[in-house]
Amino acid sequence: MSTAVTTQQETGADAVAAPAPAPAPGQFLRRLRARKGALVGAGVLGLLVVLALAAPLLAALEGQDPTTYHDALVDSARGGVPLGDFGGISADHWLGVEPGTGRDLFTRLLYGARVSLLVAVGATLVQVLVGVTVGLTAALGNRLVDTVLSHVSDVMVALPMLIFAIGLTAVVPQDFPRPLLLVLVIGLLNWGATARLVRAQATTLNKLDYVAAARLTGASPLRVARRELLPALAAPVLTYAAILVPVNIVYEASLSFLGVGVRPPTPSWGQMLSSATTWFQADPAYVLLPALMLFVTVLSCTVLGDAVRTALDPREASRLHIGRRTGRKGGAA
Amino acid sequence: MTGYLLRRVLGALVVLLALSVLVYALFYLAPGDPARLACGPRCNPEQIAQVRDQLGLNDPVHVQYAHFLQSLVAGHDYSTGTGVQHCAAPCLGRSYQNDLPVTDLIVQRLPATVSLALGAMVLWLLLGVGAGLLSALRRGGITERLVTWLVLAGAATPVFITGLMLLMVFCAQLEWLPFPSYVPLTEDPEQWAWNLLLPWLALALLESAKYARLTRSSVLEALAEDHIRTFRAYGVSERSLVLRHALRAALPPVIALTAVDLGTMLGGAMLTETLFGLPGIGQLIVQATRTVDLPVVVGVVLVTGAAVVLANILADVLHAVTDRRAALR
Amino acid sequence: MTTMTGPLVSVEGLTVDFPGRDGDVRDGAVRAVDGLSFTLAPGAALGIVGESGSGKSTAAYALLGLHRGTGAQVTGTVRVAGHDVQAADDATLRKLRGGTAAMVFQDPLSSLDPYQAIGDQIAEVHRLHRPGTTRRAARARAVAALDRVGIPDAARRARSRPHEFSGGMRQRALIAMAVACEPQLLVADEPTTALDVTVQDRILALLRELREETGMGLVLVTHDLGVAAGSVDELLVMKDGRAVERGPLRPLLHAPRAPYTRELLAAVPRVEERRTPPAPAATAPEVLLEATGLHRTFGRGRHAVTAVDDVSLTVRAGETVGIVGESGSGKTTLGRMLVRLLDPGAGELRYRGQDIGRLRGRDLRAVRGDLQMVFQDPASSLNPRRSIGESVADPLRAAGRLTENRIIGRAKELLERVGLDPDAYHRYPHEFSGGQRQRVGIARALAPEPRIVVCDEPVSALDVTTQAQVVALLAELQRDLGLALVFIAHDLAVVRQVSDRLVVMRHGRVVEEGPADEVYDHPRDPYTRGLLAAVPALPPAPAGPADPGLAGPAGAAVRRNAVA
């Protein structure tokens, strides 16, 4: 459908430059380490992953679980506002309790991180898998295959998938595992941009002389694709995947916020924020905690994704890092 | 140009048709009995059977779909047991919840959605393009650094977080603004704007991050082009270079993206509308999803799809008109 | 205008350093220009020549202070028309740029703002340097300037945008922009490199005319000694950022003092020189490849472009067929069809009697090895992720006849055969120069032991000295291995060095064909004659192109038919 325009949408990451030679792994890591933002982002993200993995352990340490109601800790006379300062912070409940129910916030946030990261990473994998398959098939197939697949990808990019996602969650049977449903819905509705990126990159590569030379050696098309195209696609696809993860985290939170995410009592940040809309006057801490978690997670993912991008292709100016564009004049007179 | 438009509109029709098949199949053939949903929880089996018959659910699937399309194009007469009701084209069916035509429901919701989208657009263009330009003009300075981090933070904050923060600060703490409740423009323009200020701001802050980034990168890309070097070599000042030459190159993508975004938002800014309780299309579909009101869900999905498809055509045309280099093919 | 007594340009001890890019160890700091000094008298013309990386463009940029704000470190003094470019404040520098010294760039496609009418762009610059000029007057001045540089119907064409102009016309428009400001100095950075040879000839003639008319000084930066020889009266030869030799044009060309200048002059192919050694007498060898009535069209409907139109061609064992033509002549498309990288749209392609024009899949792969290709761009014809040895070994692996040990051994042999160190097997393309990479490309083409190698502009991306070496290598390989070569190039002189027979193409058709010396010495087709006349001659004949307005038949054509 749309050609010039939708390319610019959202991330802008599917703008296609001539593929750069991928740096050797060592060089890539060195460049990545040279960026302060990457280090901080990776550190925060690593900590989050550890916290999410160790959620049962930490819950045991605190002596709480995410689902038990503590009616004694909320002031039923004031509609269920937690007793005590800052949302009821105490030695038993390190980050306070949920208004209305008195459930422990610390454990709910930890278990919420599990849902968030699991769904986002899972959905990204689905997107990349479908996107690479469709994109490569379009690039290497004949004109008809290419036209059809490219159109489908364009439509997938253009349509308002959040609305579809909401609609879909309404018709799927209630007993279908919810996190898996979210992974599939997010992943299967949003692979369009990945497919377009892969198709564009593969088409550009396919025109390069070294691919022509490989065909002249008498190698079969499959052998050419495997040896010449796929290795060159790894870098842009990895880069794009790194940018997709934070987008998917927000996606999951949005669905949960709208009440179609994971089902209670499983905690999720978006769901907590959704119920916080009625509590923000009485109990600000209940809004701030999940908001902060979500914000920090998305921010560190974005920073890391950007760093991966620039480390893989140094010609690509960072979208976040401020650096002067050095002119290419001189030198190569 | 005419040939191009014709082809695009035809293509759009094909896309919408395919979309309607897909949506119809997904929603009506999914497990769950539309008749039971339509009839309500207190119906006995006979009543359900009657409803099933009225809705034509006993017909083969393709006949059902044909009816659906037919009513969309030509309207449809319903027998409701007590009499015959007409549903004018484009008929998207009737809501299971309140038996109103889906088309009417959508039209009712339009003013709030349009108010939100247009107001937010003005704000995000001002904020986004302004910030993007500023950071491109002041390269390497503190301004650029600041704008970059603001943009980054804006992009990393989902709209419901920004909105909640705004509510907490301006309504709960400072008490400068009322808790938003939608007042139609025709009723009281001042209250309309006053009440929509926070939703506009919440939406615009998120969107302007995207626009700032696009403006900045387009301007920088344009500045790196060879023709900028030519004008620099002829004594044109840096300011002129950005404003007269680079900005011109940066505008087409911004204009095109605006068209696309506007189209998407006319389909309802669900998160913003839900958070602020605005009676828009987005709120409609969220409510319909909760109550499994299939005709409404299908109707909104189709209307939104159409809005986006049209917006994309508009965007491509605008892009081609504003960027002489892009040929319409 | 040129009332000054001092030199127009004086450069003393100019040094330009480009700092390395942070975060990337490979990009070290580069000293692009190293202690360069020269002067230019008012109205004189200096040619700065050198190969890529010699710093010639960097030096030219410094004349307009264009390194300011780029991070490059410039030391030494540069004075243009009395102004110290280094010390001048930004406002003074902006006045100098365009007003005193104007610049013309290499790529006319990207050097103009694609969004604005050409006339408006010229008017904008003109008003900048003549404050107080009305918009209307500036526009009139732009039209006059466009008219002056030979744009027909200038008043109307001034409203066109750059993409509506051809390459030659764009370059004229850029020159018009320079002329509109009446500068004392014109700096032209490879002004004709992106243009076809006939267009180049007309642009150079225009520059000579303008210089004679306005008395402006010229600094012409070029890699092409022939271009410089026809346009300047003084030469500065640069290498590695330093001046190697400097002096008046003719003495320098006839009796160069520096060894590097001699080397450079010796390497330049001369179109009037016959092939050495002469082609062996043909004893009617076997016909290898026979193309009959080949066609190829790209695109469909209204956008269809016929690239190759009814071309027939025969290649015999051991001979070299040269194919020349300007851009858009279809020579590359033809070459790719000959090796079946492109499918012929119509016509017949026979290899040793077998029709290979319609072969597919396994059958096609079976004849692939016999027909190989050497590509133009040594940067994109090697996979950057694979070592050069692997690239050469690939065809051997695909054939699947040899053991792994034998394959590596054979690849190393081939590397040695093309003049590379066999121990370089495990190194990657970016570690090599353009010429070396082209050698790798040749080794890869030789690996399947082909009978025919199609070389598509194999040396046009290379510097002239490297060019000569690669051409010599190809000739040697052909002699030793009995290869048939199809040598495609736009440079007529290079083609003459290697060809037995010559095919001249234009607009997808063959306009002339015959034994190389016959076509070169006695061209029959007017197009071929024009093409040959436009080739810059070196060294200039006494009454040759150095005299403005008398540049042979093509020079005379300028006034009649100035549309480049």
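This structure is a prediction, so every number in the text was calculated from the model and none was measured.
- The neighbour count for B:Ile142 CD1, taken as heavy atoms of other residues, nucleotides or ligands under 6.0 Å away, does not exceed 12.
- With a 4.5 angstrom heavy-atom cutoff, C:Ala91 does not touch chain B via any of its atoms.
- B:Glu225 places none of its side-chain heavy atoms less than 4.5 Å from the side chain of C:Asp113.
- Between C:Arg97 and B:Tyr234, the closest side-chain pair of non-hydrogen atoms is not below 4.5 Å.
- The part of C:Leu112 that comes within reach of chain B is its backbone (N, CA, C, O), which places non-hydrogen atoms under 4.5 angstrom from that chain.
- Taking 4.5 Å as the limit, some side-chain heavy atom of B:Val236 sits within range of a side-chain heavy atom of C:Glu124.
- Using a 4.5 Å cut-off between heavy atoms, C:Leu174 contacts chain B through both its backbone and its side chain.
- With chain C as partner, the option from B:Gly235, B:Ser240, B:Ser237 having the largest number of non-hydrogen pairs under 4.5 angstrom is B:Gly235.
- Between the side chains of C:Gln121 and B:His245, not a single donor N or O lies within less than 3.5 Å of an accepting N or O.
- Between B:Arg244 atom CZ and C:Asp120 atom CG the span is 8.5 Å, to the nearest 0.5 Å.
- B:His227 pairs with exactly one of C:Ser110, C:Pro162, C:Pro114 by the side-chain contact (heavy atoms from CB on, under 4.5 Å) rule, that one being C:Pro114.
- Not a single donor-acceptor pair under 3.5 Å links the side chain of C:Ser111 to the backbone N or O of B:Asp226.
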